[in-house]
Structure formats: C-alpha cells, structure tokens
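Taking it in order: structure first as structure tokens, then the write-up.
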Amino acid sequence: MNPPPLTSGASMPSTPNGTARMRWRLAALAVVLVTAALLLHRLDAAEVCGANEAIEGIFVQQMVEHGVLLFPLENGSAPMYKPPLFHWTAAALDRIGGVRKVTAFNLRLPSALYAIAGVVLTIAFAWAALGEGGAILAGLILAASYQYVSEGRVGRVDMTLTFFETLALMSCLWMLPAAPIHERHELTIHDVALRYVFALALGLGVLAKGPVAIILPLGAIVVFLLRERRLRELRDLFTPGSLFVAIVVSLGWYVACAMGRRYGFLGRQLESENFGRFFGALGFMAPWYYLKPILFNSVPLSLLVPLAAAAALRRPADAAPPASNVEVRQIRARFDARLLATFWLLTVIFFTVAAYKRRAYLLPLWPSSAFLLAWGADEIARRSRWGRVARSALVALCAGLIAFNFIYLPRREAAGCVGGSFQAAASQINRTVGSDEPLYLYGFGDDPAPLLFYLDRDAPLVEDKLGDAPPGYVIVPESVWHEHESEALDLKPVLNVEAGGDKLLLLRRGGAIGMAEP
C-alpha cells in the first residue's frame with residue numbers, strides 16, 4: 001500500500017479550498033517582494049570602498065567595458081581571485097539592460113538577485129515538507145537573517161556560491177525518498193531532470209568559488225547516506241549524462257586556463273585561493289574563531305540554529321508506518337532536516353579545521369538554517385500547548401528584524417566608507433591626467449582597488465625607488481611622499497586629494513601633457 005501524499009502539518013493544516021491556496025501563494029509572494037525590497041533598497045547607498053568588493057568590480061569592469069570575458073586582469077597584471085560565474089552574471093545582466101558602465105548598484109545586483117532567488121528556492125523546497133505556513137516562515141527567517149541580507153548587498157562571489165550549494169542540497173532531497181527503496185525503478189522525465197539540476201548546481205557552484213562547492217554539499221550527502229545506511233543510493237543521484245554535465249561545467253573554465261596557458265590564473269585559483277587558504281598560506285586563525293560568528297552573526301536567530309541542528313541530528317526512535325498525511329509529512333520533514341543539519345555541521349567543522357577563516361564562509365549555511373528553524377518551530381507547535389504562541393512570536397520577531405535591517409543596513413554601509421570619497425578623488429585625478437597619459441602608483445601598503453575601480457584604468461605599481469618612476473603621473477600617499485621627496489626632485493605635486501581616510505598626492509614628471517605648468 002502506498003503512503004498517503006504529503007500535506008501540511010497539524011500546526012498549519014492544508015486545505016483544498018482554492019481561495020485559501022491562493023492566499024498562501026500571495027503570502028509567499030509577499031515574502032519574496034519584501035526580500036527584494038530589503039535587498040534592492042538603496043543598494044548603492046555606499047560607494048565601493050572595500051578592497052575585496054572593489055577587486056571583483058575591477059574584473060567586472062574588464063568584462064562589461066572592455067569585453068575581456070575569460071581572463072580579466074586587475075591593474076593589467078593580477079589574475080582573478082575567484083572563478084568567473086559571479087562576474088559573468090553581472091556582465092550578462094548589464095548586457096541585457098544595455099548598461100556599459102559598472103557602478104556600485106550593478107556590481108551588487110547579482111548578489112541581490114541570487115539572494116532573492118535563494119529565498120524563493122527555500123520557500124519552494126519547504127512547501128511540501130513543512131506545509132504552506134512552514135514554508136513561508138522559512139522564507140521569513142531567511143529574509144530576517146542579518147548575515148544573509150547584508151552579504152546579499154555586497155558585490156562578491158559568496159552569495160552566488162550560497163545559491164548553488166543550496167540548490168544542490170535541495171535538489172538532492174527532492175530526489176531522495178524518505179524511506180529507502182530496495183529495488184531500482186525506471187526513471188521518469190522528472191527524475192532525470194532533477195539529476196541534471198543537481199549536477200548543474202554542483203558544477204556552477206565550482207564555477208562560482210572553486211572545489212569547495214562540491215566538497216561540502218557532496219561530502220554532507222555522503223556522510224548523511226552513510227549514517228542512514230543508504231550509501232548505495234549515492235550512485236542513483238547521477239545519470240551518465242548528468243555526471244558528464246557536472247564534470248564539464250565545473251572543470252571547463254580551468255581547462256580553458258590550461259589550454260590558454262594562463263597558468264597564473266590556475267596558480268592563484270587552486271594553489272593560493274583554495275588549498276593555500278585551507279593549509280595556511282594566507283595566515284592562521286584560532287580554532288575557536290567561528291564561535292562568535294556562529295552564535296551572533298544574525299542574533300537572535302543565530303543563537304537558535306545550533307539547537308535546531310542538534311535536534312535534527314538526533315536519530316528518531318523506530319515508529320510504526322505512517323497512517324496519515326500528517327505523519328508522512330513529519331517523517332519527510334525530519335528526513336530533510338537531518339541532511340541539512342549534516343551539511344551545517346560538516347561546514348562548521350571543515351572551516352574550523354581550515355587555517356584561514358572568514359565570517360562569510362558561513363553564509364551558505366543560512367538557507368539550510370532557515371529550514372531547520374522553521375522545522376523546529378513546527379515540531380514545538382505540534383508538541384507543546386504553547387507552540388503556536390512561540391511560532392507567532394517567531395513570525396513577529398522576523399518581521400521586526402526585516403524592518404530593522406531595511407532601515408539600518410543602508411546607513412551602516414554608507415557609514416562604513418570613512419574618509420574622503422574614492423569616487424570623487426578618482427574623478428579629480430582623471431580630469432587632470434589625460435586618458436592617453438601614463439599613470440602609476442607608488443607606496444600603497446594596502447590594495448588600492450577602490451581607487452583603481454573608480455579610476456577605471458590601469459595604474460601600474462612603481463617598484464624600487466620613487467625616483468625611478470617613468471615619465472607621466474604618479475599617485476602616492478602624502479606620508480610616503482614626505483619620506484621620499486629628496487630622491488625624486490623632478491616629480492612635482494599637481495593635485496592633493498583625500499580618499500578612504502588617506503591623503504594622496506598626484507605627482508607629475510617629464511613629458512606629461514595633461515596639466516600645464518603650475
């Protein structure tokens with residue numbers, strides 16, 4: 001006898017009434033629209049003043065404004081730090097919109113759209129297992145999560161990775177039945193399509209940020225199936241065709257680097273950015289580094305996630321076969337929660353062991369965490385007389401957090417750009433230095449990527465002595481100029497600007513013609 005079909009749980013019962021179904025769908029749409037407003041509202045409130053975001057912006061500039069789609073360089077020499085999916089997405093959006101100039105808004109737009117898509121995906125995935133109310137609650141939790149929303153407003157690759165890791169996990173769960181199947185059956189078109197979605201998500205994740213996009217989702221799936229004593233089902237997650245797609249998509253750009261002899265790209269991507277970071281080439285952080293981010297990156301929601309993950313990881317007691325739609329739904333929901341909690345735990349362990357750590361590495365946990373919290377709320381509502389009250393309080397909390405983030409985040413972003421404007425400084429420099437005149441940098445201790453982004457031109461670094469600078473213009477921090485002025489008497493200051501809290505001088509030497517003699 002086949003089990004009854006999945007329905008909503010007891011805490012939020014499903015109804016065949018068409019009007020009620022439409023209300024649930026409208027509520028889900030409202031959550032998506034609120035998320036879109038939260039992410040797009042004053043997206044360009046702050047200029048691009050962080051080095052990491054500006055570096056990605058420079059690569060997007062190379063693609064959008066100069067047509068260098070495969071192997072863009074920072075400042076004419078440095079290869080990309082990450083694979084190009086985020087940058088390709090930005091370039092595609094600009095091409096569709098007829099945009100030919102990269103700004104703070106369209107640099108950040110891909111992250112915002114991937115974040116909105118992540119909320120849509122989370123709601124769609126939770127709809128069957130948690131019911132309409134649980135799915136909408138999961139979407140609200142994700143939209144209320146500070147780290148998720150704040151990272152969705154930054155032009156970096158992390159949200160792209162987050163979306164495709166989430167898609168890989170959730171498409172895997174769409175394929176896996178809650179109970180083991182002992183006889184293989186012929187795949188339907190729907191089954192085959194899901195396997196291609198799963199494979200494509202893994203491949204695009206690698207194209208977003210490298211091998212970690214396969215290591216963590218696929219590692220969590222292997223650990224989960226091993227714990228469930230269902231490891232043999234791992235082979236059923238791929239067809240020969242979908243496995244080929246995963247390999248081609250994930251390795252295609254790396255193969256292009258090798259065939260084009262762009263070994264600098266391969267060295268930075270694999271040796272430095274992936275394995276180098278893990279094993280300490282860029283530095284070491286303490287093993288307890290993530291304790292604070294895990295608990296406090298999205299308070300108070302983040303305080304509850306470890307509890308929900310721990311509850312999901314507990315093996316349920318053996319029970320009689322489900323006799324109702326509600327029981328089937330509960331079994332399905334707990335099954336899904338166990339895999340997502342396994343992914344949560346494995347990711348935390350992986351990056352705790354890694355030598356180099358960043359808070360943003362925890363970002364891919366948030367869609368899974370939103371499902372786990374909504375599942376935990378459903379379990380409490382089902383078992384406790386106060387469960388409905390607690391669930392209503394969680395909804396109210398999420399609404400308050402969304403309102404707070406809507407107001408606070410743009411102001412915080414704008415306040416984070418301290419000192420003089422990079423955009424204004426670059427504009428003054430470009431008015432002084434002709435587009436065909438050489439421009440150089442000297443004495444910058446930190447990466448001057450924000451200035452380069454707004455200059456929108458190459459400015460090679462002068463090595464060795466300032467006095468060795470070739471004819472043209474040189475941008476130098478004022479403090480460095482005072483130290484080296486005696487060795488470069490033929491360099492004359494022609495402009496003084498402030499950018500990012502630093503005072504900069506524009507020096508002129510020799511045959512430069514963009515500025516008359518003062």
Side-chain angles (χ1 to χ4, degrees), residues 9 11 122 125-126 128-130 134 137-138 141-142 145 147 162 165-166 168-180 212 215-234 237 287-288 290-291 293-298 300-319 322 327-354 361-384 387 390-391 394:
S11 59
T122 302
F125 172 76
L130 299 180
L137 178 58
I141 291 169
L142 191 54
S145 304
Q147 185 183 30
T162 296
E165 282 196 1
T166 303
L169 289 166
M170 293 182 175
S171 59
C172 172
L173 283 169
W174 275 323
M175 288 188 283
L176 288 172
V212 70
I215 292 171
L216 291 177
L218 202 56
I221 292 167
V222 170
V223 171
F224 171 73
L225 291 176
L226 189 61
R227 187 167 183 257
E228 298 286 317
R229 299 183 178 89
R230 295 171 57 175
L231 190 58
R232 70 176 63 182
E233 294 182 39
L234 182 64
L237 298 180
W288 52 86
Y290 282 115
L291 182 61
I294 287 172
L295 295 177
F296 300 109
N297 67 26
S298 301
L301 296 174
S302 51
L303 292 170
L304 304 175
V305 174
L307 301 177
L313 286 170
R314 290 186 304 176
R315 294 192 64 85
D318 294 335
E327 290 176 350
V328 169
R329 196 275 297 169
Q330 291 165 0
I331 291 173
R332 178 76 239 184
R334 189 174 189 94
F335 179 82
D336 294 346
R338 285 202 298 277
L339 174 54
L340 297 179
T342 302
F343 172 71
W344 187 92
L345 182 60
L346 181 65
T347 300
V348 171
I349 292 173
F350 180 86
F351 287 117
T352 297
V353 172
Y361 294 166
L362 300 179
L363 178 63
L365 298 180
W366 267 110
S368 298
S369 298
F371 180 92
L372 289 170
L373 288 178
W375 168 80
D378 185 75
E379 290 287 295
I380 293 172
R382 185 167 57 86
R383 299 183 183 190
S384 169
R391 185 178 181 127
L394 182 56

Student check: side-chain heavy atoms of Trp366 and Asn297 closer than 4.5 Å: yes
Verify the ring-centre separation between Phe224 and Phe335: is it less than 6.0 angstrom? yes
Can Ile221 and Thr342 be said to form a side-chain contact (heavy atoms from CB on, under 4.5 Å), step by step? CA-CA 8 Å; Ile221 292 167; Thr342 302; over 6 Å; no
Does the side chain of Leu304 reach to within under 4.5 Å of the side chain of Leu372, using non-hydrogen atoms? no
All heavy atoms of Ala333 vs all of Phe371, minimum pair found to be O-CE2, 4.0 Å
Which pair of heavy atoms, one from Ser369 and one from Val305, lies closest together, and at what distance? OG-CG1, 3.4 Å
Minimum-distance pair of heavy atoms, taken over all atoms of Pro217 and Glu165: CG-CG, 3.9 Å
Mind running side-chain contact (heavy atoms from CB on, under 4.5 Å) on Phe343 and Val223 for me, showing each step along the way? CA-CA 9 Å; Phe343 172 71; Val223 171; over 6 Å; no
Spacing of CD1 belonging to Ile215 relative to OG1 belonging to Thr347, to within rounding of 0.5 Å: 11.0 Å
With heavy-atom distances below 4.5 Å as the criterion, would you say the side chains of Ser368 and Trp344 are in contact? no
Would you call Pro364 and Thr166 a side-chain contact if the rule is heavy atoms closer than 4.5 Å? no
Check this for me: does any side-chain nitrogen of one of Asp378 and Arg383 sit under 4.0 Å from a carboxylate oxygen of the other? no
List the atom of Cys172, the atom of Leu339, and the distance in Å for their closest heavy-atom pair. SG-CD2, 4.4 Å
Taking the side chain as every heavy atom from C-beta outward, state whether Leu303 and Phe296 have any atom pair closer than 4.5 Å. yes
Steps toward side-chain contact (heavy atoms from CB on, under 4.5 Å) verdict (Phe125, Asp336): CA-CA 10 Å; Phe125 172 76; Asp336 294 346; 3.6 Å; yes
Rounded to the nearest 0.5 Å, how far apart are CG of Leu176 and CD of Glu228? 9.5 Å
Looking at every non-hydrogen atom in both residues, tell me the closest pair between Ser302 and Leu295 and how far apart they are. OG-O, 2.6 Å
Got Glu233 and Met175 here, is their nearest side-chain heavy-atom distance under 4.5 Å? no
Are Leu130 and Arg332 packed together at the side-chain level, in the sense that at least one heavy-atom pair is separated by less than 4.5 angstrom? no
Work out which heavy atom in Leu373 is nearest to a heavy atom in Ala308; give both atom names and the distance. CD2-CB, 4.1 Å
Quick one: pull up OG1 in Thr162 and CG in Leu363 and give me the separation to the nearest 0.5 Å. 3.5 Å
Quick check: do Ile380 and Trp375 have side-chain heavy atoms less than 4.5 Å from each other? no
